[in-house]
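If you scroll down you'll find the structure; I have some questions about it.
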Amino acid sequence: QVQLVESGGGLVQAGGSLRLSCAASTNIFRIYSMGWYRQVPGAEREMVASIISGFSTSYADSVKGRFTISRDTAKNTVFLQMNSLKPEDTAVYYCYLLTGRGSSRTWGQGTQVTVSA
């Protein structure tokens, strides 16, 4: 069973940047979608960014123009480049993997992103 390992979170000042990584533990033969959700205490987990079929991307309105998702297929790794960070971006960020349309998501362990004013 594939596992996702996340890294790259941390503390940054408003306006700064962070780059999150999510690596699959084994080779993945089929990927429908990979991406990122985020969650703060007491709130629903929300979609941040996704990449579908290796080229199509989707972003939450709140991060468009600031965040960029990309993928290194050879290394089974997805990245989230986060620029112009705001305090509202503070959350635990979770990577996910879908191996097929309508299939169950595999989740990473989460990485904390904290943006100070």
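Residue indices begin at 1 and follow the sequence shown. Keep in mind that the numbers below use all heavy atoms, side chains included, and drop hydrogens, waters and symmetry copies.
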Salt bridge check, D89 against K86: does any charged N sit closer than 4.0 Å to a carboxylate O?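 No, this pair does not count.
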Interatomic spacing from OG1 in T57 to NZ in K64 - rounded to 0.5 Å: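 Between T57 OG1 and K64 NZ, I get 9.5 Å after rounding to 0.5 Å.
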Do the numbers put R105 on top of the ring of Y96, so that NZ or CZ is under 6.0 Å from the six-membered ring centre and no more than 45° off the axis?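 Checked: cation-pi criterion met.
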What heavy-atom pair brings S84 and S17 nearest, and what distance separates the two atoms?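 Smallest interatomic distance, heavy atoms only, reads N-OG, 4.3 Å.
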Taking C-beta and beyond as the side chain, do L11 and Q112 meet within less than 4.5 Å on heavy atoms?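 No. Closest side-chain heavy atoms not under 4.5 Å.
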Minimum heavy-atom separation for E6 and C95, please, with both atom names.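 Closest approach of E6 to C95, heavy atoms only: OE2-N, 2.8 Å.
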Under the criterion side-chain contact (heavy atoms from CB on, under 4.5 Å), I'd like the reasoning laid out for W107 against R45: C-alpha separation, chi angles, the key distance, then a yes or no. CA-CA 12 Å; W107 294 98; R45 188 173 296 184; 3.4 Å; yes
Atom CG of L4 and atom CD of Q109: how far apart are they, to the nearest 0.5 Å?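 With rounding to 0.5 Å, CG (L4) is 8.5 Å from CD (Q109).
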Main-chain N/O of V115 paired with T90 side-chain donor or acceptor, under 3.5 Å: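 Side chain of T90 to backbone of V115: a pair is present.
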Got a second to check how far L97's CG is from M34's CE, nearest 0.5 Å?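 That separation rounds to 5.0 Å.
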Ignoring hydrogens, what is the shortest heavy-atom contact between T77 and K75? Give both atom names and the distance.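 What the structure gives for the nearest pair is OG1-O, 2.9 Å.
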Quick one: closest heavy-atom pair of V63 and V48, and the distance?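 The answer is CG2-O, 3.6 Å.
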Is any side-chain heavy atom of R38 closer than 4.5 Å to a side-chain heavy atom of E46?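 The answer is yes; the side chains approach within 4.5 Å.
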For A14 against P87, the heavy-atom pair lying closest together: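 For A14 and P87, the tightest heavy-atom pair comes out as CB-CD, 4.1 Å.
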Return the minimal non-hydrogen interatomic distance between R19 and Q81, and the atom names on each side.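 Smallest heavy-atom distance, with atoms named: NH1-OE1, 3.4 Å.
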With hydrophobic residues grouped by side-chain heavy-atom distances under 4.5 Å, do M47 and Y94 end up in a single group?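 Yes, it is one cluster - the side chains of M47 and Y94 are joined through contacts under 4.5 Å.
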Are V2 and V78 linked, directly or through intermediate hydrophobic residues, by side-chain heavy-atom contacts shorter than 4.5 Å (ILVMFWY only)?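 Same cluster: V78 reaches V2 through Ile, Leu, Val, Met, Phe, Trp or Tyr contacts under 4.5 Å.
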Find the distance between CG (L98) and OG1 (T106) and round it off to the nearest 0.5 Å.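 One gets 8.0 Å once the value is rounded to the nearest 0.5 Å.
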Partner of F79 by side-chain contact (heavy atoms from CB on, under 4.5 Å), out of L20, D72, I69: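 Between F79 and the candidates, side-chain contact (heavy atoms from CB on, under 4.5 Å) is satisfied uniquely by D72.
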Is it true that Y59 and F67 have ring centroids separated by less than 6.0 Å?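 No; F67 has its ring centre 6.0 Å or more from that of Y59.
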With a 3.5 Å distance limit and no angle check, can you tell me whether S50 reaches the backbone of G35 through a side-chain donor-acceptor pair?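 No, because the side chain of S50 does not come within donor-acceptor range (under 3.5 Å) of the backbone of G35.
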Common cluster, V40/L18, ILVMFWY with side-chain heavy-atom separation under 4.5 Å: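 They do not share one cluster, since no chain of ILVMFWY contacts under 4.5 Å joins V40 to L18.
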